[in-house]
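Worksheet: the structure to be examined is printed underneath.
Reminder, nothing fancy here: chain letters follow the sequence lines and each chain counts from 1. Predicted, not measured: the structure shown is a model, and the values here were computed from it. The basis for the numbers below is simple: all heavy atoms, side chains too, and nothing from hydrogens, waters or symmetry mates.
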Amino acid sequence: MKSKPRASAPTTKTGAQIIVDTLIAEGVDTMFGYTGGVVLPLFDKLYDAPINFIVPRHEQGGCHMADAYARVSGKVGVIVATSGPGACNLVTGLATANMDSIPMVAITGQVRTELIGNDAFQEADTTGITRPVTKYNCIVKDISNLARTIHEAFHIASTGRPGPVLIDIPVDIAVSKHKEDGPVEMDLPGYRVRTSGHARQISTAAKAINKSKRPVLYVGGGVILSNASKELRALAEKAHLPVTMTLMGLGSFDQTKAESLDMLGMHGSAYANYAVQECDLLIAVGARFDDRVTGKIPTFAPNAKIVHIDIDPASISKNVRVDIPVVGDAKEILRDLAKEVEYQERKEWFERIADWKNKFPFRYDSASKSIKPQYVIEEICNQTRNKAVVTTGVGQNQMWAAQFYRFTRPRQFISSGGLGTMGFGLPAAIGAQIGDPKATVIDIDGDHSFNMTMTELATAVEHELPIKVVILNNGYMGMVRQWQELFYGKRYSKSYLSNPDYAAVAGALGAVGMTVEKKAEVPCAVKEMLAQKKPCVVDFRVDREENVWPMVAAGKSLDEMDGLDILESMA
Amino acid sequence: MKHLISALVENKPGVLAHIAGMFAARAFNIDSLVVGRTEDPKLSRMTIVVVGDDRVVEQVRKQLAKIVPVVKVQDFVGQPVVARDLMLVSVTAPPEKRPEIVSLIDMFRGKVVDIGQKTLMIEVSGPESKIEAFINACKPYGIKSVARTGTIAMPRQAKIDD
Ligand SMILES: Cc1ncc(C[n+]2csc(CCOP(=O)(O)OP(=O)(O)O)c2C)c(N)n1
Ligand SMILES: [Mg+2]
């Protein structure tokens with residue numbers, strides 16, 4: 001294992017100082033966290049550390065901020081919380097990051113070593129609680145392991161299939177002293193990452209691509225995580241392949257290109273879903289055949305040979321039998337693969353795709369008098385010229401953002417894909433803005449998602465972040481209402497709450513608030529919002545019962561989409 | 001089908017929890033799990049008996065290998081292995097039945113390890129089928145209690161691929 005340099009010359013330091021110095025040695029200049037009893041020694045050392053420290057209003061918010069910071073910047077997101085309630089509040093955020101393979105390090109305080117197991121004040125079995133929602137976690141019980149463990153955490157979080165790593169540190173370790181001697185060697189005999197793909201497998205994949213008449217590249221978040229977007233585009237261009245993306249993969253391929261099939265899956269495009277069902281070769285890259293993508297597994301891509309490129313061997317043949325697996329880093333493999341592929345015209349295939357694209361684009365009733373949520377997103381996309389960083393809530397807002405904003409670059413679309421965490425949008429926008437200060441960051445949110453973490457607006461105000469929050473306010477848990485409409489006889493059981501006046505809430509918290517009730521006001525409101533320097537919340541009162549189409553109902557095949565007739569009638 | 005999986009793991013606190021948690025979270029069924037020290041004080045060996053079709057067991061193997069403190073995973077299926085269970089069994093044995101029981105023990109190459117007034121404690125080791133057979137053979141006398149280790153195993157010609 002490679003050794004990491006010491007932060008400074010060997011001296012006697014407290015555990016808290018070792019933590020801060022090790023974080024700095026890892027290149028941390030920004031972190032998120034919330035204080036409490038057992039992390040006081042650490043926070044004391046952070047008082048004059050050269051680290052931009054953001055305190056959220058709730059640890060969950062802080063965790064999503066660190067997560068989104070990592071998603072936009074490619075760096076490791078760092079979150080600190082106190083023991084017990086603080087650590088428990090991280091669980092949703094860690095699970096969100098874990099499902100989407102986001103590199104994060106969480107540091108939690110723990111009660112004194114000798115009190116552990118005694119139900120001490122603010123004690124929780126943090127490693128026990130977070131084990132299933134982290135890539136790895138551990139507790140440090142010996143100060144001589146502290147620096148090494150933190151370095152290992154960063155290494156594990158950021159390599160292989162990335163993910164959150166939690167280190168639990170009892171307060172007595174933070175206050176005790178340790179004399180550092182010699183460089184820190186990582187000791188991870190069980191952690192090996194394979195990055196370069198097997199040459200023969202790559203050749204086999206290349207041959208399959210060259211022979212294929214109807215190929216589809218199916219791209220997931222792994223391509224973004226491995227910074228392989230350039231290599232992906234080069235391969236698609238050289239071999240002439242159409243590209244469809246998962247929710248997590250959006251941005252990896254330029255959606256303004258004719259070869260983009262946009263998103264596939266449950267609310268994916270009809271053209272992507274048809275193409276997958278008819279293709280003779282499906283090349284999956286950094287994607288994991290999630291049930292929201294495949295629909296009914298036995299009839300998924302029935303005519304296709306499947307190539308699967310992934311860094312995680314456990315992802316291969318987990319859900320769908322793979323014919324040509326290639327384990328390794330997407331960036332390296334795509335680069336090597338591009339060397340062996342040839343351009344094929346595939347005239348018929350691309351004509352067929354163009355046909356589908358013409359016939360079934362994402363559509364909405366643009367003549368409607370009410371504000372259609374899709375219209376708001378389209379307007380934002382046009383006014384920001386496809387360049388904004390977009391975060392989302394969960395539900396219809398998220399699906400419409402994925403359908404109607406056309407992304408052009410990686411790390412531009414920040415959404416909770418795997419876990420589907422309502423409340424992610426606002427804290428994610430804050431983390432994204434901190435990670436990419438020059439970007440226009442817009443949270444396209446649902447009213448009820450926003451309700452869950454809107455307290456973080458105060459954090460945005462405090463740090464003077466020019467984030468924009470677009471509430472697609474339908475007064476419903478829209479996605480739930482849609483399912484109730486379709487599958488539960490319109491019995492809208494507990495799927496609406498009375499909402500506050502969001503513009504007033506925003507104003508009270510020191511942000512700018514606007515309410516938009518008329519369709520004609522939308523373009524101006526968007527313009528005004530984009531011009532704001534302060535955090536800005538715009539409450540768009542959208543059509544209350546709009547549905548997301550097309551839709552592959554759970555358990556149906558990808559080509560059995562509902563709503564195509566509705567979309568066609570809007571043409 | 002039954003698979004014998006052998007995992008070399010770091011000898012650290014929390015490792016068993018990582019592994020047990022993974023099995024529970026992914027709904028894998030385990031028949032038995034045995035942990036013990038190895039020749040290297042930094043490593044322990046776990047022998048896990050898993051029941052499932054090839055796809056399930058392949059996932060078990062991969063998910064195990066993914067756990068950070070798991071150093072190496074082998075599935076012994078299709079390989080010649082020596083697999084052994086150890087059992088302690090307490091059998092009702094009034095004096096007049098003892099000669100009969102002792103000859104049974106001899107046939108199974110077991111050992112009497114404790115003698116009570118009305119019971120004998122017997123130690124038997126061997127492949128699982130032999131242990132089961134011994135239990136069945138003892139049933140007519142009355143079994144008081146059984147303690148078993150679960151299976152440990154090693155390949156016959158140490159064919160270790162990395
Ligand atoms: C934390 C959490 N709780 C519950 C759910 C289940 N859920 C999924 S979508 C949804 C409704 C979302 O409502 P809203 O944010 O208003 O979005 P809309 O669908 O109306 O755009 C709910 C309750 C969830 N995904 N996350
Ligand atoms: Mg809503």
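Proximity of A:Asn137 to B:His18: side-chain heavy atoms (C-beta onward) are separated by under 4.5 Å at one or more points.
Among the candidates B:Glu10, B:Gln63, B:Arg61, the residue making the largest number of heavy-atom pairs closer than 4.5 Å to chain A is B:Glu10. Options A:Thr127, A:Asp312, A:Ile156 differ in how many heavy-atom pairs under 4.5 Å they form with chain B, and the most are formed by A:Asp312.
Between A:Tyr191 and the options B:Val68, B:Val70, B:Val71, a side chain to side chain contact (heavy atoms under 4.5 Å, CB included) holds for only B:Val68.
Counting non-hydrogen atoms of other residues, nucleotides and ligands closer than 6.0 Å to CZ of B:Arg148 gives a total above 12. Other residues, nucleotides and ligands contribute only 12 or fewer heavy atoms inside 6.0 Å of the CG atom of B:Asp54. Annotation: A:Arg112, atom CZ; neighbour count of heavy atoms from other residues, nucleotides and ligands within 6.0 Å does not exceed 12. More than 12 heavy atoms of other residues, nucleotides or ligands sit less than 6.0 Å from atom NZ of B:Lys12. Around the CD atom of B:Gln117, the shell of radius 6.0 Å holds no more than 12 heavy atoms that belong to other residues, nucleotides or ligands. Atom CG of A:Asn118 has more than 12 heavy atoms from other residues, nucleotides or ligands within 6.0 Å. More than 12 heavy atoms of other residues, nucleotides or ligands sit less than 6.0 Å from atom CZ of B:Arg98. More than 12 heavy atoms of other residues, nucleotides or ligands shown are found within 6.0 angstrom of NZ on B:Lys130.
Across every non-hydrogen atom of A:Asp187 and B:Lys42, the tightest pair is OD2-NZ, 4.0 Å. Scanning both residues, A:Arg131 and B:Gly14, for their nearest heavy atoms gives NE-O, 4.3 Å.
Below 4.5 Å, heavy atoms of chain B meet heavy atoms from A:Ala314, A:Ile316, A:Ser317, A:Lys318, A:Asn319, A:Arg321, all part of residues 314-322 of chain A.
Neither the backbone nor the side chain of B:Ala25 comes within less than 4.5 Å of any heavy atom of chain A.
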